[in-house]
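Contents: one structure, followed by commentary.
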Amino acid sequence: MPELPKKYNIGEREKHWQDFWAKEDVFAFDEKSDKPIYSVDTPPPYVSADHLHTGHIMSYSQAEFVVRYKRMRGFNVYYPMGFDDNGLPTERFVEKKHKVNKKTISRPDFIKLCLEETKKGAETYRKLWTDLGISVDWSKTYSTINDLCQRRSQWSFIDLYKKGKIQRAKKPILWCTTCQTAIAQADLDAEERKGKIAHIKVKVKDTKEDLIFATTRPELLPACMGISVNPDDKRYQHLIGKTVVLPLTGQELELTADKEGVDPEFGSGVVYFCSYGGGECIEWMSRHPEAKPTHILDPGGKFNKLAGNYAGLSVGEARKKILADLDKAGALVKIESLKNVTHVHERCGTDVEYIPTEQWFIKLLDDKDKLLEFGAKLNWHPADMAKKYVDWVESLKWDWCISRQRYYGVPFPLWYCKECQEVILPEEDKLPVDPSTDTPDKPCPKCGSKEFTPELDVMDTWMTSSMTPYIIRDVAQDDRVFPNTLRPQAFEIIRTWLFYSVAKAYLHDDSIPFKDVMISGHGLDEHGRKISKSLGNYVEPSAILEEYGADAIRYWATGASLGANMRYSEEEIKKGKKTVNKLWNATKFCLSHFEDLDLDKKVELEPADQWVLDELYNTIVNATKDFDNYEYSKARNNTDAFFWQTFTDNYLEFIKYRLYNQEEVGEESFVAAQQTLYVCISAILKLYAPIMPFITEELYQAYFKDIDGATSIHVSAWPEAKGEWSMDENKRQEFIDALDVIWKIRKYKSDQQISLGKEIDEFAVKNKDLPEKYFKFIEKAARVKKLIK
RNA sequence: GGGCACUUGGCGCAGUUGGUAGCGCGACUGUUUUACACACAGUAGGUCGGGGGUUCGAAUCCCUCAGUGCCCACCA
């Protein structure tokens with residue numbers, strides 16, 4: 001006779017099942033199987049994240065619910081895990097933690113530190129995922145800096161280079177003066193600020209008239225390229241072509257016409273353009289070939305000698321000094337405050353500048369239509385997240401700058417010929433290469449020189465991340481996993497990870513990288529604020545795991561529907577723990593009545609049995625549909641309602657008299673109750689298994705495994721709804737009427753403050769249509785000696 | 001400035017084709033009934049953001065206003 005201990009020791013048993021799953025390889029991808037494949041391109045977390053919080057738990061759990069469900073539905077699940085230890089985020093983490101920067105540490109030492117830190121980070125993550133019960137196949141892992149990923153990233157570069165999709169160009173590019181590297185449009189954050197706009201006077205040389213223009217970048221006055229007005233602006237038409245003289249520098253410029261860049265309605269209708277105040281200055285320059293840019297800002301963020309008196313100053317310092325000088329010269333009309341939006345580098349918050357440098361670009365702007373088309377081919381969950389992708393593609397202004405002037409990252413696989421500057425690429429079978437230590441096999445094909453200069457820039461971290469659909473195919477060594485089935489990820493990286501992935505698969509193979517997209521929301525603190533390190537409003541996952549267990553916190557993670565932000569709630573976690581406890585106790589009760597259980601014996605079910613089975617099948621149908629639609633939240637609600645209300649509060653109470661009085665009710669009634677109980681509880685465990693893998697495994701292994709036959713509940717078959725609505729409508733209505741009497745008796749007892757367990761002598765049934773064959777059921781279920789009409 | 005979403009009992013949320021408002025938590029009143037007091041039974045609490053419209057009938061469709069959140073955009 002199966003028997004469970006009185007209490008379930010969460011900490012000890014969760015650890016036990018983690019080990020069991022690992023030992024039995026329960027989550028292994030089966031290369032030999034011909035079952036349909038379900039492959040998941042899971043976000044490789046930044047191992048440099050030094051504070052894991054409940055938001056991480058939420059998003060990874062939400063995807064994992066679906067993965068476990070799919071496994072039970074018979075899919076050959078491929079669920080690898082990567083670690084993103086590449087690129088700028090790691091460098092910044094190391095710089096902060098070890099108080100070093102590019103100047104104070106050598107490239108090899110720096111890379112060594114990065115590798116050490118990322119190794120630590122990977123261990124932290126792996127432990128958390130294991131504790132959480134994330135069912136990853138740990139034999140299938142990658143890290144974005146390892147050889148396999150470097151090879152794939154370099155292959156991507158070479159393939160696109162050969163396809164003509166990559167170009168090297170020198171032009172003003174988005175630049176971070178703190179990180180001292182070029183960055184891409186996707187690396188920008190917009191910050192709304194209260195800025196200042198200065199109104200500055202210039203003289204028209206011949207007529208001595210004053211013109212006033214306004215600018216938020218007065219410090220770039222020494223780099224002024226031109227001044228324009230709108231050609232339709234009657235106020236200034238007569239001045240077009242005249243020479244104007246700038247204050248301080250005395251620079252003489254021709255007043256030009258520019259229809260696109262100047263709105264006569266705004267400000268004074270006079271605009272000055274400098275190198276480079278912003279994107280609009282660059283656009284203006286493209287319309288004015290006569291313009292001569294003066295590059296006064298160095299990559300380190302200081303003005304150079306071309307800035308004259310302002311050389312050596314930072315942007316902020318120069319701004320102050322120039323404004324003071326303008327004021328002294330009588331050229332400063334006024335300074336107004338202005339709410340404007342400034343673009344900053346998302347990694348460090350520094351205002352971006354535009355500095356002309358030579359960089360590598362992937363051409364994307366030409367393919368906007370195709371990128372929109374391929375984005376639309378994905379199945380977006382929730383559907384409206386597709387809009388964020390469309391908005392981003394439509395707003396693209398720059399090709400993708402993929403070169404970074406940094407140390408730690410995947411090197412570009414190329415050299416330049418010292419003689420003729422020809423770009424030399426390695427053979428694909430030599431990848432990955434490090435051009436700073438490796439050399440080309442052959443002399444320059446163009447000029448025969450054997451002298452080469454390595455490209456020392458590294459690639460944008462997204463160059464690698466965008467290849468994860470390919471990388472996990474490389475890891476599996478199985479072409480069937482591409483395109484991947486599912487890409488789960490957070491909404492804020494739609495414009496980066498998702499977008500770049502789609503772009504790459506399109507450019508390389510004219511393919512989509514994955515079929516389904518599942519977008520999760522943000523984790524918020526209990527007050528609804530975004531979790532952030534500076535607010536300190538996050539809870540250590542390890543502390544919660546220890547106190548409540550993984551099942552409980554996973555239960556909380558089902559609380560928000562897909563894509564919605566979710567607050568941290570200890571109450572919800574407690575509810576999860578209660579559900580674990582309830583499952584334990586309900587199963588304990590069932591098992592204590594499973595002695596001599598004979599599932600094959602043909603018996604006639606009683607109305608209560610049919611009723612609960614109908615409810616169960618209805619629940620299964622709904623939960624299945626919900627999981628198929630990535631609506632794990634609804635699936636859990638449906639399962640909760642059946643388990644807590646229908647099954648435990650009602651059905652168990654209804655059949656206790658049959659289970660405890662086998663002699664009196666007869667063998668058939670007893671066995672019918674046993675069999676129904678078995679069907680219900682085994683299905684309940686399976687319905688909860690994707691959400692609460694530990695407790696359900698514990699209970700499955702305690703008894704059901706021997707009958708059901710699977711190694712683990714997580715590879716057992718998902719329950720089926722066999723006899724949906726087996727009860728005919730009349731009979732069903734009669735039973736509902738009987739339930740109504742039970743509810744009335746419960747209310748009566750509650751009103752009288754009588755224990756529900758106390759048997760009352762009699763109760764009058766008002767419903768004259770209720771057949772007397774239900775009387776015994778009601779009397780026993782509600783504990784009344786005699787029902788009277 | 002443009003776009004998207006949200007606004008339902010104290011709190012957090014469901015309400016898929018329009019047809020008498022639901023759930024969880026919390027509150028309150030009770031009950032230790034041989035699975036569980038991490039439980040059970042019961043009670044109270046909302047004119048579904050404001051206004052207008054379509055309809056026999058709207059939380060659900062349309063218009064408008066307001067508030068909140070997010071994405072995008074350096075109107076110099």
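First the proteins, then the strands, lettered A, B, ... as listed; each starts at 1.
- Heavy atoms of A:G261 sit under 4.0 angstrom from at least one base atom.
- Here side-chain hydrogen bond (donor to acceptor under 3.5 Å, both in side chains) pairs that include residues 255-265 of chain A, with residues two or more places apart or in two chains, are A:S228-A:T256, A:D232-A:K259, A:D258-A:R287, A:D258-A:H288.
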Identify the pairs formed between an N or O of the protein and an N or O of nucleotides 37-45 of chain B at a distance under 3.5 Å, and give each distance.
| residue | atom | partner | partner atom | Å |
| --- | --- | --- | --- | --- |
| B:C38 | O2' | A:N581 | ND2 | 3.1 |
| B:C38 | N4 | A:K7 | NZ | 3.3 |
| B:A39 | O3' | A:K582 | NZ | 2.8 |
| B:C40 | OP1 | A:K582 | NZ | 3.1 |
| B:C40 | OP1 | A:D649 | OD1 | 2.9 |
| B:A41 | O2' | A:R746 | O | 3.2 |
| B:A41 | N3 | A:S750 | OG | 3.3 |

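- A sub-4.0 Å separation between OP1 or OP2 of B:C72 and a side-chain N or O of A:K387 is absent.
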Could you write out RNA chain B as a dot-bracket string, with dots for unpaired bases, | for bases paired across to another strand, and Watson-Crick or G-U pairs counted at under 3.5 Å? ((((((((.[[[[.)...(..]]]].(((((.......))))).....[[[[[..)....]]]]])))))))....
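- Note on A:V262: a base of the nucleic acid sits closer than 4.0 angstrom, heavy atoms only.
- With respect to the salt-bridge test (charged N to carboxylate O, under 4.0 angstrom), the residues A:R217 and A:E353 qualify.
- Listed nucleotides B:A76, B:C70, B:C36 differ in distance to A:I197; the shortest reach to its side chain belongs to B:A76.
- Among the heavy atoms of the strands lying under 4.0 Å from A:R495 are primed sugar atoms or P, OP1, OP2 only; no base atom is included.
- To the nearest whole angstrom, the two P atoms, one in B:G19 and one in B:C61, are 11 Å apart.
- Using a 4.0 Å heavy-atom distance criterion, A:G269 is classed as a base contact.
- Evaluated for a side chain to side chain donor-acceptor pair (under 3.5 Å) with A:Y555, the options A:K575, A:K578, A:E572 yield exactly one hit, A:K575.
- In this model, the phosphate group of B:C71 is not approached by any side-chain N or O of A:S395 to a distance below 4.0 Å at OP1 or OP2.
- B:C48 and B:G3 have their P atoms separated by 29 Å, given to the nearest Å.
- Spacing between atom OH of A:Y632 and atom P of B:A14 amounts to 11 Å, rounded to whole angstrom units.
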